[in-house]
Amino acid sequence: MRIRLIGEKGRQVFSQNLKITRLGKLGRIEEAIHVFSQLTLKNVVSYNSMISAYCKNGRISDARRLFDEMPQRNLVSWNSMIAGYLHNDKVLEASELFDKMPKRDLFSWALMITCYTRNGELEKARKLFDLLPDKRDTVCWNAMIAGYVKNMCFDDAKKLFGEMPVKNLVSWNSMLAGYTKNAEMHLGLQFFEEMEKRDVVSWNLMVDGFVEVGDLDSAWQFFKQIPNPNVFSWVTMLCGFARNGKIVEARRLFDQMPHRNAVSWNAMIAAYVQNHHYDEANRLFMDMPERDSVSWTTMISGYVRVGKIGEARGYLNRMPFKNIAAQTAMISGYVQNKRMDEASQLFSQIGIRDVVCWNTMIAGYAQCGRMDDALRLFRQMVYKDLVSWNTMIVGYAQVGQMDEALKIFEEMGERNIISWNSLITGFLQNGLYLDALKSFVLMQKEGKKPDQSTFACGLSACANLAALQVGKQFHHLIAKSGYVNDLFVSNALITMYAKSGRVFDAELLFKDINHADVVSWNSLIGGFALNGYGQEAVKLFEEMLINGVVPDLVTFVGVLSACCHAGLVDCGLELFKSMNEVYSVEPLVEHYACIVDLLCRAGRLEEAFNMVRGMKIRANAGIWGALLGASRVHQNLELGRHAAEKLLELEPHKTSNYVLLSHMHAEVGSWEEVESVRVSMKKSRAEKQPGCSWIELKNQIHVFLSDNQLQPRTTEVCNTLTALTAHMRNPGDLSEFKSLLKVFY
DNA sequence: CTAGGGTTAG
């Protein structure tokens with residue numbers, strides 16, 4: 001079959017069909033619809049083009065309507081429709097159509113295999129693959145291999161790759177992508193060198209891999225060696241520079257590019273936006289020959305990221321063909337600024353809403369703590385994806401409703417790693433450390449492998465429980481999993497050891513980190529402070545400055561409390577002063593608490609009090625408590641009374657405050673005052689908070705509540721403690737000491 | 001098989 005020229009009319013249809021395809025690719029779907037509707041003579045290709053245009057713009061139901069309406073369908077119509085379902089994650093519909101097809105070509109088979117593997121349904125894909133007539137070609141093999149690679153089943157991919165009768169470059173590149181997309185550049189390089197033939201895609205994969213792992217030098221070395229770099233190569237390298245703040249280098253590449261398409265322009269605009277050069281971004285945006293929806297969306301989301309909502313809205317208003325990505329970016333901007341009314345208004349203006357924009361709205365309500373509204377929307381959604389469910393879990397966790405979060409979690413049919421991590425993070429945020437650890441075990445029972453984030457959460461739970469033994473088990477698991485070099489994990493490990501009293505083990509780990517960030521330094525500095533090594537903490541702080549790491553608010557909490565513990569008054573005061581003057585960070589109430597405590601311990605009560613009076617923010621209970629305690633020790637009744645008054649305003653129900661004040665009065669013999677304190681305590685109905693503590697023994701956490709019989713073996717524990725106390729006065733017999741401890745095992 | 005934009009965990 002050849003295209004026959006059938007006169008003027010036929011040529012017109014031909015060119016209009018091309019136009020529809022082009023407009024569809026550019027995201028200008030409304031124009032495409034217009035062109036299509038103006039066509040008096042429509043052939044199969046016109047319909048196929050329009051179906052593709054709809055599919056590329058997420059209007060999958062419109063595509064299907066057209067598919068059902070069209071007078072006759074050819075193989076391309078069927079394949080286009082399946083491809084549309086594939087790109088819109090509608091596997092069920094795709095497979096339904098695939099089964100109904102009157103005729104299939106190899107393209108259809110490969111499409112359907114890809115469809116299943118995209119959805120993680122490897123078994124189904126494999127079944128199709130095995131069913132395939134013996135004429136199955138390299139394309140199908142490649143689809144199956146790529147499927148295995150993308151689902152992290154690299155061993156299966158390797159096996160199939162070995163069995164392949166005829167391998168082409170695509171097969172080799174798919175395998176190479178398995179290494180480069182998983183940050184395994186050592187093995188990737190080895191594989192790359194073993195390849196007998198390489199094309200530009202192989203080179204691009206290497207450049208992209210190096211960019212992903214942050215090795216910009218190697219990326220650049222490889223880029224320079226590419227025999228015939230294509231637009232992909234240039235854009236990949238450009239993005240690598242942009243992501244590392246090397247905007248000048250990025251621009252040089254852009255200027256040197258032999259061919260530029262819309263993607264090149266958009267990448268350069270994104271580079272400027274990411275590095276906050278808005279004027280340049282805007283200039284480029286104006287200069288570019290044909291702006292597509294991505295160009296607009298890049299500008300809008302760039303402004304949204306830095307909170308310039310007005311500018312973002314200006315761009316959206318000027319956008320001729322507002323697509324859903326741009327509108328969602330704008331909604332996200334309103335959401336981040338808690339402007340839910342405007343978000344909701346824009347949301348209601350969108351004709352056909354997809355999952356992402358629903359999810360954005362739900363996240364918005366969740367971030368405002370409006371979980372009722374979030375739930376209302378969530379229940380209205382017809383098609384929910386994993387993000388929708390996960391967003392609800394996060395939302396409930398953030399307002400402290402872990403019971404509701406758990407309900408959502410249990411209602412989910414299918415969960416991914418983020419679902420589990422969100423739940424575990426929720427438990428952490430709400431102080432339910434034991435539940436966090438329990439979930440860690442449960443997720444593995446469900447066959448989900450913990451990732452670096454899960455491990456970091458688990459370690460954080462251990463750190464808060466000072467559960468050293470469990471923490472050490474985590475350490476072993478992490479060593480085996482290969483996540484030891486992840487910075488999040490390393491930092492969590494340091495915190496875990498430091499908070500469990502093993503600050504020198506933490507120090508050893510710290511020294512092994514290649515590129516310590518501010519969190520790593522903070523963890524160790526805080527760890528030294530916590531364990532009473534004030535001098536070491538200050539020394540480490542100085543080392544941090546020498547290494548060019550800029551301290552943040554958390555650093556100062558650590559180093560100031562270290563000064564406090566070590567009695568380094570002048571050092572502490574100087575550091576406190578430097579916060580504002582050198583690092584231009586405004587001290588928080590925590591920092592004031594450290595410094596007030598520091599002055600109080602040094603007996604410099606007046607200075608401490610002056611400091612509190614000069615504060616721009618409201619003092620908290622910790623500060624007044626420190627002042628009250630110091631006043632008592634130094635017998636400054638007047639200051640003590642003032643501090644107590646403030647403290648009781650903040651914590652009217654805390655008994656210890658009344659006790660402290662009444663002790664003070666008693667010490668100077670003001671018995672009437674003692675009585676009046678007692679009366680006001682009764683009035684405020686202050687009750688003693690039950691004390692709570694826990695200890696980890698043999699992988700079990702034992703919780704003690706002074707007021708509570710929930711711990712099943714409280715009596716046993718108390719008896720043991722009594723016996724232990726007796727032995728402490730009379731040391732020597734260690735054997736009995738050991739047997740006593742066995743009670744807990 | 002490779003490049004650019006909108007939603008969820010750390």
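Throughout, protein chains are lettered first and strands after them, A, B, ... in sequence-line order, and every chain is numbered starting at 1.
Of the candidate nucleotides B:dA3, B:dG5, B:dA9, B:dA3 has the atom nearest to the side chain of A:Val231. When distances run from any side-chain atom of A:Lys181 to the nucleotides B:dG5, B:dT2, B:dT8, the shortest one goes to B:dT2. Residue A:Ser301 has its side chain nearest to B:dG5 when only B:dT7, B:dA9, B:dG5 are considered. The side chain of A:Thr328 sits closest to B:dG6 out of B:dG5, B:dG6, B:dA9. Listed nucleotides: B:dT8, B:dG6, B:dG10. Nearest to the side chain of A:Gln367: B:dT8. Proximity note for A:Val387 (side chain, C-beta onward) versus B:dT7, B:dT2, B:dC1: the nearest is B:dT7. The side chain of A:Thr360 has B:dT7 as its nearest neighbour among B:dT7, B:dT8, B:dG10. The side chain of A:Thr298 approaches B:dG5 more closely than any other nucleotide in the set B:dG10, B:dA3, B:dG5. In the set B:dA3, B:dG6, B:dA9, B:dA9 carries the atom at the smallest distance from any side-chain atom of A:Asn421. Of the candidates B:dG6, B:dC1, B:dA9, B:dC1 carries the atom nearest the A:Ala146 side chain, counting heavy atoms from C-beta on.
Residue A:Arg243 holds its CZ atom at 5.0 Å from CD of A:Glu212, rounded to the nearest 0.5 Å. Rounding to the nearest 0.5 angstrom, the gap separating the CG atom in A:Leu205 from the CZ atom in A:Phe192 is 9.5 Å.
The aromatic ring centroids of A:Phe241 and A:Phe223 lie 6.0 Å or more from each other.
Taking atom CH2 on A:Trp203 and atom P on B:dT2, their separation rounds to 19 Å, with Å as the unit. Whole-Å rounding puts the A:Ile393 CD1 to B:dT7 C1' distance at 15 Å. Note: CD1 (A:Ile300) to P (B:dG5) measures 14 Å, nearest angstrom. To the nearest angstrom, C1' of B:dT8 lies 12 Å from CE of A:Met381. Per the geometry, CZ belonging to A:Phe192 stands 19 Å off P belonging to B:dC1, to the nearest Å. The CD1 atom of A:Ile145 sits 14 Å away from the P atom of B:dT2 (whole-angstrom rounding). What separates CG of A:Leu160 from C1' of B:dC1 is a distance of 15 Å, to the nearest Å. Here the P atom of nucleotide B:dC1 and the CG atom of A:Leu111 are 11 Å apart, to the nearest Å.
Near-neighbour residues of DNA chain B inside residues 349-357 of chain A, defined by a heavy atom below 4.0 Å, number-ordered: A:Asp354, A:Val356.
Among the protein residues, A:Asp385 comes within range of no part of the nucleic acid, since none of its heavy atoms lies under 4.0 Å from any strand. At the heavy-atom level, A:Ser422 lies under 4.0 Å from the strands shown only through sugar-phosphate atoms. Residue A:Ile424 is out of contact with every strand shown, counting any heavy-atom pair closer than 4.0 Å. Among the heavy atoms of the strands lying under 4.0 Å from A:Val394 are primed sugar atoms or P, OP1, OP2 only; no base atom is included. The residue A:Lys150 sits close only to the backbone: its heavy atoms come under 4.0 Å of sugar-phosphate atoms, none of a base. Contact annotation for A:Leu205: backbone-only contact, meaning every heavy-atom pair under 4.0 Å involves sugar-phosphate atoms and none involves a base. Across all strands shown, A:Gln429 has heavy atoms under 4.0 Å from sugar-phosphate atoms exclusively, and none from any base.
A cation-pi contact links A:Lys308 to A:Tyr278, judged by a cut-off of 6.0 Å to the six-membered ring centre and 45° from its axis. Geometric assessment of A:Arg251 against the ring of A:Phe254 yields a negative cation-pi assignment under the 6.0 Å and 45° thresholds.
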Just do the ring-ring contact (aromatic ring centres under 6.0 Å, His included) check on A:Phe455 and A:Phe440 with the steps written out, would you? CA-CA 9 Å; A:Phe455 280 123; A:Phe440 185 87; 5.7 Å; yes
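For the residue pair A:Trp172 and A:Glu196, no side-chain donor N or O sits within less than 3.5 Å of a side-chain acceptor on the partner. Between the side chains of A:Thr236 and A:Asn204, no donor N or O sits under 3.5 Å from an acceptor N or O. For A:Ser332 and A:Thr360, the side-chain atoms include no donor-acceptor pair closer than 3.5 Å.
Below the 3.5 angstrom threshold, one finds a donor paired with an acceptor across the side chain of A:Asn261 and the base of B:dA3.
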